[in-house]
2 protein chains.
Amino acid sequence: MRHVAALAGVGIKTVSRVMNDEPGVSEATRQRVLQASRQLNYQLDMAAGSLRRSGRQTLSIGLLLPSVANPFSSEIHRALEDTLSERGIAVFAASLDDDPEREKALVAAFLGRRVDGMVLTPIGRNQAYVIPEHSRDLPMVFIDREPVGIEADAVVTDNAAGAARAAAHLVGHGHTRLAYFGDTPEIQTARERRRGFLEQLGQAGIPTSTVYVREGLRDVESARLAALAVLSSDEPPTAIFSSQNLVTFGVMRALKELGASRRVALVGFDDFALSDMMDPGITVIAQHPERIGKLAAERLLARIDGDDGAPRTYVVPSELIVRGSGELLPSY
Amino acid sequence: MRHVAALAGVGIKTVSRVMNDEPGVSEATRQRVLQASRQLNYQLDMAAGSLRRSGRQTLSIGLLLPSVANPFSSEIHRALEDTLSERGIAVFAASLDDDPEREKALVAAFLGRRVDGMVLTPIGRNQAYVIPEHSRDLPMVFIDREPVGIEADAVVTDNAAGAARAAAHLVGHGHTRLAYFGDTPEIQTARERRRGFLEQLGQAGIPTSTVYVREGLRDVESARLAALAVLSSDEPPTAIFSSQNLVTFGVMRALKELGASRRVALVGFDDFALSDMMDPGITVIAQHPERIGKLAAERLLARIDGDDGAPRTYVVPSELIVRGSGELLPSY
DNA sequence: ACATTTCGTGACAACGTTGTCTCATCGTTA
DNA sequence: TAACGATGAGACAACGTTGTCACGAAATGT
């Protein structure tokens, strides 16, 4: 900036005024400054600015996702970006990989960069460790899962209700022998989905004890093996609900291997690309990552702008998408 | 920091020393400072630090992608993050949406945040506008496409060679009536793929004029319609090469609608999830986004560390993955 | 015993900005 | 003509750090 000032033959503060479009600069001076700044290819240093400026906004926020490469996460990321970029806010994105240590380290890294706020997917059992930051007035919005041990805004899918819809759908097509394949119950969303599914079956008069429940499935392969085992048993289920993308893929593979794709009904939680190109198309409970991301961004902006209402959890409804696999009738 | 110093009853510089693990502080003082900093929940302000520090590293870089939600992009993103996070470098990610204006605006936004370097997917016809920044010594690595009008490192896939491999594969299975379905030739990668495909056919003795070439396909629907039209013509091709993910999806849909999935061979550029679950599995030329991301990160780090060798383009080889659709024999 | 080195520590300026204040100039009004 | 407000511009301090230097005390060497 000093250089620009020197070149334009004005004071440093005048350059600041021009760069920030502040009033009180004559058009002639203004042009001279702009000319000089272009010539020197000068650009304001935001960091230095926000250092001095009161309020100290850095116009950047931190985003913590299970993985930036995960399609569900990256759609949330995209929606957040779209909403925030309108305000000129840049997004630091990072992947957690289910590692609570990483979670803490990344929170610290973002804090050190003085982000204006954070959006995070909690993974540790307890998020109380961020209380100091949170009460220090750093806006935070949790997504996908509600935080434990801390009062903060959260944006989540109606996991239980969505799973219940899947249950009702399958029962409505006459199924009475059902199976639940799920992720580890360590994860809040997985617990909710199981609960919603089983409770709805209970209400439909299907004893929970007759439902085959298999949990702890974290990837395609484990889900595939689990499904193969159950489907080859004496009394295999006529319908399966899988609580998550990768689990759904595993079950699909098992069904295909056994040639049972058209015999055993399947409803998966989470939509995915090409689901309609499968044979049959896969019926799913779709989440709406765009809406989650957008809502999270809006809440974060509101908090940044000073909204200090009581923290709330916002629920984004899921949606049943009928494609064929969930409408197969029971065959014994 | 002043507060911590006051609480610990030491000078401000001593706190700085402790926070930065600098030597020359007695263990007793050190403990007092740590205690005080914990009590006040204090965290170093990186921005202020790098303001003073010579060299001015901010430990953050900018990443410009077509879209953070695009699976190919987000895998690159992930690989970059993994390599950079080892050095404590945070990543600003942003989506371009094929908009050259956005590209410029985002570059400016990152510059204002004084990133240590940038990784970008060029979209404008010409990247000369970043020359001032680049020569200002800001490390830059281009990915996916080579930059035009500027000398800089680039990491790309062997588009032409990959497409040629697809051509050779189809010809090797006896096809002589082929079609090329591609994205707009505005895009460098699309041009390269077309060139590689056609040149290889030429070398195999198939006159280029007999190859049906359809370009300008930007989404699933336009590709589907184009494929439907060609496949319903008098002399439909017996094999199709699609130059990109979305185009491949469109062709797949058309083939399925016409019940021709097992009759017309298909090789797509770009791998995708569940490609092996299709019927038949889709043979593809797979790119390696993880390797592109990793290599780009390594090049960027090298540049940040002062490597001033001549800019180079690094080519990451693609790979033919055989799954069935590309091995169908011609049927007339 | 004194000179010299080492160690722990703090004062101070500077990094690139911006908020506050002051000042000179000029045109207007009583 | 004197007083005044408006306008354009710069001097200066401060933001939270860290590099440089200086200083006193203890440890070491002669």
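A note on names: the letters A, B, ... follow the listed sequences, proteins ahead of strands, and every chain is numbered from 1.
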Margin query: Expressed as a whole number of angstroms, how long is the span from A:Gln31:CD to D:dA9:P?
Written below: 13 Å
Notebook entry, point to check: To the nearest Å, how far apart are A:Leu40 CG and C:dG16 P?
Noted result: 14 Å
Next item on the list: For A:Val15 and for B:Arg32, find the nucleotide of DNA chain C with the closest heavy atom, then tell me which residue's nucleotide is more 5'.
Entry: B:Arg32
Check: Starting at the 5' end of DNA chain D, which residue's closest nucleotide do you reach first, B:Ala47 or B:Arg17?
Finding: B:Ala47
Item checked: Spacing of B:Asp45 atom CG relative to C:dG16 atom P, expressed in whole Å -> 16 Å
Next item on the list: Nearest whole angstrom, please: distance from the P of D:dG16 to the CG of A:Leu111.
Entry: 16 Å
Note to self: Working to the nearest 0.5 angstrom, can you tell me the gap between B:Arg299 CZ and B:Ile304 CD1?
What the structure shows: 11.5 Å
Notebook entry, point to check: Is the shortest side-chain N/O distance from B:Arg114 to OP1 or OP2 of C:dT17 below 4.0 Å?
Noted result: yes
Next item on the list: Please answer whether the main-chain N or O of B:Leu59 pairs with a side-chain N or O of A:Arg113 as donor and acceptor at a distance below 3.5 Å.
Entry: yes
Next item on the list: Identify which nucleotide among C:dG10, C:dG16, C:dT18 has an atom closest to any side-chain atom of A:Leu44, counting heavy atoms from C-beta outward.
Entry: C:dT18
Item checked: B:Glu27 CD - C:dC7 P separation (whole Å) -> 16 Å
Check: Can you tell if the side chain of B:Asp144 reaches within under 4.5 Å of the side chain of B:Gln188, non-hydrogen atoms only?
Finding: no
Notebook entry, point to check: What's the CD-P distance between B:Glu22 and C:dC7, to the nearest Å?
Noted result: 16 Å
Next item on the list: Go through C:dG16, D:dG10, D:dG19 for me and flag the one nearest to the A:Leu51 side chain.
Entry: C:dG16
Item checked: Per B:Thr29 side chain, nearest of listed nucleotides C:dT9, D:dT18, C:dG19 -> C:dT9
Next item on the list: Return the nearest nucleotide to the side chain of B:Arg52; candidates are C:dG19, C:dT17, C:dA14.
Entry: C:dA14
Margin query: Assess whether a salt bridge exists between B:Arg30 and B:Asp21, defined as any Lys/Arg side-chain N lying under 4.0 Å from an Asp/Glu carboxylate O.
Written below: yes
Check: For C:dG10, does OP1 or OP2 lie under 4.0 Å from any side-chain N or O of B:Thr14?
Finding: yes
Next item on the list: Please determine if a side-chain N or O atom of A:Ser16 lies less than 4.0 Å away from the OP1 or OP2 oxygen of C:dT17.
Entry: no
Notebook entry, point to check: Whole Å only: how far is the CZ atom of B:Arg30 from the P atom of C:dG10?
Noted result: 15 Å
Notebook entry, point to check: What's the closest nucleotide to the A:Tyr42 side chain, out of C:dT9, C:dT17, D:dG16?
Noted result: C:dT17
Margin query: Are B:Met140 and B:Asp153 packed together at the side-chain level, in the sense that at least one heavy-atom pair is separated by less than 4.5 angstrom?
Written below: no
Notebook entry, point to check: What's the closest nucleotide to the A:Arg2 side chain, out of D:dG10, C:dT18, C:dG16?
Noted result: C:dG16
Next item on the list: Output yes when at least one side-chain N/O atom of A:Ser50 is less than 4.0 Å from OP1 or OP2 of D:dC15, else no.
Entry: no
Notebook entry, point to check: In whole angstrom, what separates A:Lys13's NZ from D:dA13's C1'?
Noted result: 12 Å
